[in-house]
Amino acid sequence: MRSSITFRGRGSASLMGDRIILHVCPLCSQRNIAVVAPQGRCAWCDYVPDPRDVETTGNEAD
């Protein structure tokens with residue numbers, strides 16, 4: 001199951017288990033490169049999400 005998340009209301013990511021897949025960076029607001037997204041960091045500014053900043057959006061997908 002995948003949950004949609006943000007980081008204190010910024011950016012966009014998915015949470016799969018304990019892994020963060022970063023789609024839009026909350027720091028530089030750039031759309032992440034698909035190959036890098038599963039690594040959980042931003043390809044542009046090298047932002048690494050802090051798990052303490054994670055907020056769920058209430059959207060879940062299988």
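Numbers here are sequence positions counted from 1.
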Exercise. Quick one: closest heavy-atom pair of Arg19 and Pro38, and the distance?
Key: CD-O, 3.9 Å
Self-check item: Cys25/Asn32 under side-chain contact (heavy atoms from CB on, under 4.5 Å): CA gap, chis, key distance, verdict
Solution: CA-CA 7 Å; Cys25 180; Asn32 208 1; over 6 Å; no
Self-check item: Closest contact, heavy atoms only, Val36 versus Arg41
Solution: CG1-O, 3.5 Å
Quiz item: So, for Pro26 and Arg10, which heavy atoms are closest and what is the spacing to 0.1 Å?
Solution: O-NE, 2.8 Å
Quiz item: Just how far is it from atom NE2 of His23 to atom CD of Gln30, taken to the nearest 0.5 Å?
Solution: 16.0 Å
Quiz item: Measuring from Ile20:CD1 to Ser3:OG, what's the distance to the nearest 0.5 Å?
Solution: 11.5 Å
Quiz prompt | Heavy-atom closest pair, residues Pro51 and Pro49 | solution = CD-O, 3.5 Å
Quiz item: Does Ser14 use its side chain to pair, donor to acceptor, with the backbone of Ile21 at less than 3.5 Å?
Solution: no
Quiz item: What distance do Trp44 atom CH2 and Cys28 atom SG have between them, rounded to the nearest 0.5 Å?
Solution: 8.5 Å
Quiz item: Glu55 side chain to Gly9 main-chain N or O, any donor-acceptor pair under 3.5 Å?
Solution: yes
Quiz item: How long is the span from the CG atom in Leu22 to the CD1 atom in Ile33, to the nearest 0.5 Å?
Solution: 11.5 Å
